[in-house]
Structures are given as structure tokens and as C-alpha cells.
Amino acid sequence: MIDTNTTGHGKWSSRFTYILAATGSAVGLGNIWKFPYITGENGGGAFVLVYLACVLVIGIPIMMAETMLGRRSQRNPIEAMELLTKEASADSHWHYLGWMGVIAGLLILSYYSVIAGWASAYVLKAFTGSFIDADATAIKSLFDSFVGSPIQLIFWHTLFMLATMVIVVRGINNGLEKAVQYLMPALFVLMFLLVAYAMTTDSYFKGLHFLFSPDFSKLTGNSVLTAMGHAFFTLSLGMGAIMVYGSYLSKDISISKTVYLIAGADTVVALLAGIAIFPIVFENNLHPSSGPGLIFETLPIAFGAMTGGWLMGVLFFIMLAVAALTSSISLIEPAVAWLVENRGFTREKACLWSGGATWFLGLGTVFSFNVWSDFKLFDRTLFQLLDYLTANLMLPIGGFCIAVFAGWIMNAKHSEEELAMQTPAGFQVWKLLVSYVAPAAVFLVFLHVIGVL
Ligand code: PFF
């Protein structure tokens with residue numbers, strides 16, 4: 001049994017705060033910003049179906065595995081993998097998995113913070129009435145001139161990184177818990193109100209049809225990879241974020257039940273975002289495939305047109321920025337926890353270093369929307385490249401390794417004891433999914449993309 005008394009590692013104050021924080025990590029820009037635009041780019045229904053299937057058979061079992069590895073070790077991901085490898089007397093190379101996670105987290109945060117900066121800037125735009133009675137063309141040019149300005153993007157990116165660092169410095173009990181307690185429930189309410197507005201448009205059913213009626217001819221190998229990568233991204237899997245949160249979880253809490261709740265809430269928010277956005281897209285003759293600007297070019301039209309839209313707009317973008325904040329703290333936490341616990345940094349110094357480096361890297365994303373928009377590597381801008389590298393490659397590879405470790409390397413007695421499922425059959429199903437189905441699915445999708453299948 002791993003000794004947890006000497007680690008100096010924090011603990012969530014209750015199951016509820018853990019659920020809130022892990023849901024806070026899962027629910028973020030991935031659900032409200034990314035899910036709608038990649039669904040739009042990949043043709044709608046069939047993509048959504050593949051994404052949902054991936055959440056169910058790959059995401060949920062791997063989320064249980066990742067939480068379990070964190071809780072058993074009670075350490076940051078790098079030390080966790082070192083410790084668990086020793087416990088299983090396995091090859092020490094497994095600890096590189098922890099490293100890859102820390103790096104993936106910082107790479108994701110570098111662009112995540114830039115987009116979260118957009119959401120923050122839109123709070124101000126909503127507040128000053130920029131959307132009132134504006135039509136689709138006005139809203140689009142507002143967005144275009146905003147992302148065309150490196151100075152504005154840098155300002156908001158900096159502000160958002162600072163906010164992340166301030167919360168992370170305060171540690172899990174003081175910072176993270178308080179931030180998520182009220183804001184997550186409020187976000188749910190607001191998403192329902194937006195869906196209610198979408199219902200009043202004539203294009204409501206057209207939007208639903210786009211989202212839920214699959215046309216498999218629109219699926220390519222790359223869209224399947226994107227759907228699978230997004231299942232990892234949206235559930236914060238494959239890089240140690242959930243592992244680090246699991247490591248603060250006390251032993252008496254059921255992992256499986258909390259995972260169902262978190263994955264369920266995450267999926268509901270994404271679907272609500274889609275249901276709210278696509279009717280507005282069609283109502284205003286916009287293109288579903290217009291890319292990362294999609295929500296910024298659609299939702300403000302609704303806010304500008306509806307009664308009470310001013311307040312809704314302000315609240316919505318506040319919620320979006322906060323949802324992003326509760327995710328960004330989990331992106332940086334693995335690096336910070338490692339620097340503190342393993343390299344003897346103070347929390348302040350750890351935040352400063354990892355936050356500073358990430359901020360600097362984020363400039364690449366800032367410029368890829370304006371001055372470097374023509375600079376392409378492998379046919380992608382820097383932002384697209386970072387997104388592809390992390391969400392489509394690093395997270396699925398990390399998830400694959402976590403599944404293999406939990407299914408094949410870790411002693412089954414230990415995982416059964418740690419998961420403490422209600423029925424032995426439940427454990428068997430999990431074991432089957434994590435040992436065979438999830439790794440095989442990831443592997444097949446990769447083979448398909450590189451053209452072997
Ligand atoms: N799950 C977050 C979202 O959907 O916005 C993004 C994210 C957070 C990805 C933490 C990965 C992660 F480790």
C-alpha cells in the first residue's frame with residue numbers, strides 16, 4: 001500500500017467539491033466553443049454520433065482508470081507513474097507518460113488561454129452594448145477586427161493567464177473549490193435559457209436535424225480522429241489533469257459513480273451548446289463550418305435581438321470565461337504540483353514559471369489569427385497545429401497508455417480494490433473496455449488516419 005502520510009498533498013473537502021472541480025475541468029471551451037465548431041466543420045450528425053460513442057466506450061472507462069491511478073498514488077502524475085510502476089514491478093519507462101501529460105497540459109493551455117481571452121473580451125463587448133440590434137454582418141466584422149488585432153488579443157490572453165495563476169497559487173482548497181461552487185450550476189441554467197431562445201427561431205428543427213441526423217458520407221478518417229480526440233479533450237483525459245484531481249480524492253468515494261456524473265454533465269453541456277447555436281447559424285444564413293469564430297459570430301446575434309439579451313450576453317460570456325478558468329487551472333496543475341512536490345519550488349514560483357512559459361508560447365496562437373495567418377506548417381496555422389498535436393495526437397496516445405497501464409500492468413486486485421464497483425460484473429465490464437476495447441479503438445483510428453486501414 002502506498003504511504004500517503006508524508007506527501008503533503010491536499011484533499012478535497014467533500015465529494016461534492018470534487019465533482020464540481022472535476023466537472024469544472026471537463027466543462028469548458030471544449031464544450032461551448034470547440035464542440036459546435038468542429039461539429040460544423042465535420043458535417044454534423046455522423047460526427048456527433050462518433051463523438052458520443054467515443055465518450056461512452058473510450059472516455060468513461062479511461063476516466064475511471066485515470067482517476068484511479070491518481071487516487072491510488074496520491075501524487076502528481078509524474079511521481080504517480082513512477083510509484084505505480086514500482087508497485088507493479090513494471091518497466092520504469094512508464095513514468096514518461098507523466099511527463100507527456102505535463103507537457104500536453106502546458107501546450108493546450110497556451111492556446112486555450114488565448115481563446116478564453118476572447119470570451120473575456122466579449123464580456124466587455126456585451127456590457128457596452130456592442131451587440132444591440134447588430135445583424136450577422138456587423139457581428140462578423142466586430143469579430144474579424146477583434147482577432148485581427150494582436151495587441152487586443154495579447155491583452156486579454158495576459159489577463160486570463162494572470163487570473164489562472166492567481167487561483168492556482170492559492171492551492172486546491174482556497175482557490176479551486178470556491179471558484180467552482182457557484183459558477184458551474186449557473187452555467188447550466190444559462191445554457192437552458194439559450195436553448196429556449198433557439199426554440200423560438202424558425203430554424204430550430206433545421207439545427208436539430210443538422211446535429212442529430214447522421215450522414216455517414218460526410219465522415220472522413222480525419223473527422224473520426226477529431227471526434228475521438230475531442231472525447232479526450234472534453235473530458236480532460238490523457239494528460240494527467242484528471243489524475244491529479246483524483247489524487248486529491250479521499251478513499252471512501254466511489255470513482256465510478258462520480259465519473260458517470262461528470263461525463264454526463266459534460267456531454268449535456270456540449271449538446272445544449274450545439275442545440276442553441278445551430279438554429280442561430282441557419283436562421284442567419286451563416287455557415288456551420290466557419291471555424292473557431294463560430295460561437296462569437298452567432299450567439300451575439302441572438303443576444304442583440306432578444307429581450308433581456310444585454311444581460312444574457314454579459315452573463316453568458318462571464319460564464320464562458322469562468323468555465324474556461326476552471327479548466328485552465330487543471331491544465332497547469334500537473335506541472336505546478338510536480339514542481340512543488342518534486343523540485344522544491346514554492347507554489348508561487350512554480351506558477352510563475354509554468355504560467356510564464358505558457359503565456360509566451362500563447363503568443364504563437366495570438367499571431368496565427370493575424371500577422372502570421374499565412375504562415376503554415378503541414379498546411380496548418382500554428383494554432384491549428386498545436387490543437388492537432390495535442391487533442392488529436394497527444395491526448396489519445398496518453399489515454400491509450402493509461403488504458404494499457406490500468407488494464408494490463410496494474411495488478412487487477414489493486415484496481416478492483418480501488419474502484420470498489422458495486423457488482424463484480426461492473427468491474428469485469430470496465431476491465432474489458434479498458435484492456436481491449438479502448439486501446440484497440442484508439443489504435444484502429446490511428447491506423448485509419450495514416451492510411452493503413
Ligand atoms: N476539458 C476542457 C474543455 O473541454 O474545455 C479542456 C481540457 C482541460 C483538456 C484539461 C484537457 C485537460 F487536461
Side-chain angles (χ1 to χ4, degrees), residues 20-39 51 54-55 59-60 62-63 66-67 69-70 76-77 97-98 100-119 160 164 167-168 176 180 183-184 187 191 226-247 259 262-274 292 295 319-338 354 358 386-399 402:
L20 276 178
T23 313
S25 166
V27 175
L29 294 174
N31 308 63
I32 300 169
W33 161 74
K34 193 172 179 193
F35 171 71
Y37 97 74
I38 56 175
T39 298
Y51 150 76
C54 289
V55 167
I60 291 179
I62 293 186
M63 196 172 203
E66 201 175 322
T67 315
L69 298 183
N76 62 73
L97 185 57
M100 189 173 77
V102 166
I103 294 167
L106 298 183
L107 290 178
I108 294 176
L109 183 58
S110 79
Y111 68 84
Y112 203 85
S113 162
V114 175
I115 311 292
W118 298 1
F160 187 83
T164 303
I167 295 188
V168 176
L176 308 196
V180 288
L183 296 155
M184 292 308 300
L187 179 72
M191 293 308 299
T226 307
M228 183 182 76
H230 190 64
F232 284 99
F233 186 89
T234 192
L235 294 175
S236 306
L237 297 180
M239 54 140 283
I242 288 298
M243 202 186 291
V244 108
Y245 276 18
S247 72
V259 165
I262 297 161
D266 185 78
T267 310
V268 168
V269 175
L271 294 178
L272 287 177
I295 64 161
M319 297 296 150
L320 185 59
V322 172
L325 199 57
T326 55
S327 302
S328 66
I329 48 192
S330 73
L331 283 162
I332 203 172
E333 182 67 20
V336 171
W338 177 75
S354 34
T358 310
L386 273 172
D387 180 37
Y388 192 88
L389 177 73
T390 51
N392 290 14
L393 302 179
M394 291 175 91
L395 299 187
I397 292 173
I402 287 167

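Whatever order the structure lists ligands and atoms in, that order sets their numbers, starting from 1.
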Protein heavy atom at shortest distance from atom 8 (C) of ligand 1: Ser236 OG, 3.3 Å

Aromatic ring pairing Phe233/Tyr112, orientation class (parallel under 30°, perpendicular over 60°, tilted between): tilted

Ligand 1-proximal atoms of Ala26, by part, heavy-atom distance under 4.0 Å: backbone

For atom 13 (F) of ligand 1, the protein heavy atom that lies nearest, with its residue and separation: Met239 SD, 2.9 Å

Tyr112 touching ligand 1 at heavy-atom level, < 4.0 angstrom: yes

Proximal atoms of ligand 1 relative to Ser25 (non-hydrogen, under 4.0 Å): 1 (N), 2 (C), 8 (C), 10 (C)

Heavy atom of the protein closest to atom 1 (N) of ligand 1 (residue, atom name, distance): Phe233 O, 2.8 Å

For Pro36 against Ile295, the heavy-atom pair lying closest together: CG-CG2, 4.4 Å

Side chains of Leu235 and Ile242 in contact at under 4.5 Å (non-hydrogen atoms): no

Polar proximity ligand 1 side, Leu237 side, N/O cut 3.5 Å exclusive: no

Straight-line distance of Tyr37 OH to Leu29 CG, nearest 0.5 Å: 10.5 Å

Mutual orientation of the aromatic rings belonging to His230 and Phe35 [parallel < 30°, tilted 30-60°, perpendicular > 60°]: parallel

Sub-4.0 Å atoms of ligand 1 with respect to non-hydrogen atoms of Leu29: 5 (O)

Identity and separation of the nearest protein heavy atom to atom 12 (C) of ligand 1: Leu331 CD2, 3.3 Å

Shortest non-hydrogen contact from Glu333 toward Val168: OE1-CG1, 3.7 Å

Min heavy-atom dist Gly105 to ligand 1 below 4.0 Å: no

